[in-house]
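When reading the values below, keep in mind they use all heavy atoms of this one structure, side chains included, and skip hydrogens, waters and symmetry mates. Just follow the structure's listing: the first ligand is 1, and inside any ligand the first atom is 1.
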Amino acid sequence: MPEADTTKPTKQKLYYEHIPQATPGFFLKGAGSLDWGMKNRLSRIFNPATGRTVMLAIDHGYFQGPTTGLERIDLNIVPLMPMADALMLTRGILRTTVPPALTRPIVLRCSGGPSILKELSDEELAVDIEDAIRLNVSAVTLQVFIGGEFETRSVHNMTRLVDAGLRAGIPTMAVTAVGKTLTRDAKYLRLACRICAELGAQFVKTYFCPEEFETVTASCPVPIVMAGGTKLPELDALTMAYNAIQQGASGVDMGRNIFQSDAPKAMMQAVAKVVHENMKPKAAFDLYETLKNQKAKKSKRNG
Ligand code: 5RP
């Protein structure tokens, strides 16, 4: 039988009437009013201690096939996975190649359609939310082509994914896709990111721009993670990540700048220092070189 409520003086100690229940906010920008499941999933992706994330993007195959560095995800990428805060990938790679025992949070690519041979903005939703639930993912994601030929369709894809995500408690990350003809300046990125947030995305992935990136993050009411883009020399990629973080980004979602690096594991560790510990680019690059050389020496020793 459960204990009855007591009227004895000891009651006071149990109820702590003098301490009001705390109603803490939430560490992530714009997420204070979300439901528990959303917040919990976001807390798997963004480290609650720093409010930031280092995501590894390996979803390129969904429109461009076996991209350089992703030819054998089982051999070259799976060993990297435990080092990332979250993984952005397709359900095909998740089911065929990622060990289910890996507990890194998954951000599932849910749009698709055209290949690199066609108009990229001509995308549709390509995953049912039920499958995202079945796969136990922490977020769903898709491209939004602001200014692109099929702009309205891609925005509608996003709002439908957001609605489905809200029903399931799964956040949506909108990716602001930049077509071949669109300029990646602050004015464009402010427009694209703000539209995604206004229409319900819980976080946005977008490109860094050298001028006024802080206005992009400031005018977006949800967290922004910086997209990596084309492979750069490691010091340049670390500098770009550092500048994005210092100008208000809540993390990075990098692909080619990690898996096309000469030393992907070393690069992951250097990027994590920049993102979570505000390490300066030169120090992070020195760390990258040290880790890379250690690995090279070890491989030489082992023949
Ligand atoms: C394009 C994407 C990609 O599929 C991918 O995530 C890009 O990663 P990176 O540019 O860092 O190689 O989202 O916008």
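Aromatic pair Phe46/Phe27: ring centres not closer than 6.0 Å.
In this structure the side chain of Ile45 never reaches within 4.5 angstrom of the side chain of Met173, judged on heavy atoms.
Note on ring orientation: taking the six-membered ring where Trp is involved, the planes of Phe213 and Phe208 are tilted (angle from 30° to 60°).
Every residue two or more places apart in sequence or in another chain was checked for a ring pair (Phe, Tyr, Trp, His ring centres under 6.0 Å) with Phe145, and none qualifies.
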Distances for all N or O pairs of ligand 1 and the protein under 3.5 Å?
{"residue": "ligand 1", "atom": "4 (O)", "partner": "Asp59", "partner atom": "OD1", "Å": "3.1"}
{"residue": "ligand 1", "atom": "4 (O)", "partner": "Asp59", "partner atom": "OD2", "Å": "3.0"}
{"residue": "ligand 1", "atom": "6 (O)", "partner": "Asp59", "partner atom": "OD1", "Å": "2.7"}
{"residue": "ligand 1", "atom": "6 (O)", "partner": "Lys205", "partner atom": "NZ", "Å": "2.8"}
{"residue": "ligand 1", "atom": "8 (O)", "partner": "His60", "partner atom": "NE2", "Å": "3.2"}
{"residue": "ligand 1", "atom": "10 (O)", "partner": "Gly229", "partner atom": "N", "Å": "2.9"}
{"residue": "ligand 1", "atom": "10 (O)", "partner": "Arg256", "partner atom": "NH2", "Å": "2.8"}
{"residue": "ligand 1", "atom": "11 (O)", "partner": "Gly229", "partner atom": "N", "Å": "3.3"}
{"residue": "ligand 1", "atom": "11 (O)", "partner": "Gly255", "partner atom": "N", "Å": "2.8"}
{"residue": "ligand 1", "atom": "12 (O)", "partner": "His60", "partner atom": "NE2", "Å": "2.6"}
{"residue": "ligand 1", "atom": "12 (O)", "partner": "Arg256", "partner atom": "N", "Å": "2.9"}
{"residue": "ligand 1", "atom": "12 (O)", "partner": "Arg256", "partner atom": "NE", "Å": "2.8"}
{"residue": "ligand 1", "atom": "13 (O)", "partner": "Arg109", "partner atom": "NH2", "Å": "3.4"}
{"residue": "ligand 1", "atom": "13 (O)", "partner": "Lys205", "partner atom": "NZ", "Å": "3.4"}
{"residue": "ligand 1", "atom": "14 (O)", "partner": "Gln143", "partner atom": "NE2", "Å": "3.2"}
{"residue": "ligand 1", "atom": "14 (O)", "partner": "Tyr207", "partner atom": "OH", "Å": "3.4"}

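Using a distance-only test at 3.5 Å, with no hydrogens or angles considered, no donor-acceptor pair links the side chain of Gln269 to the main chain of Met267.
Between Asp163 and Arg160, none of the side-chain N atoms (NZ, or NE/NH1/NH2) sits under 4.0 Å from a carboxylate O, so this pair counts as no salt bridge.
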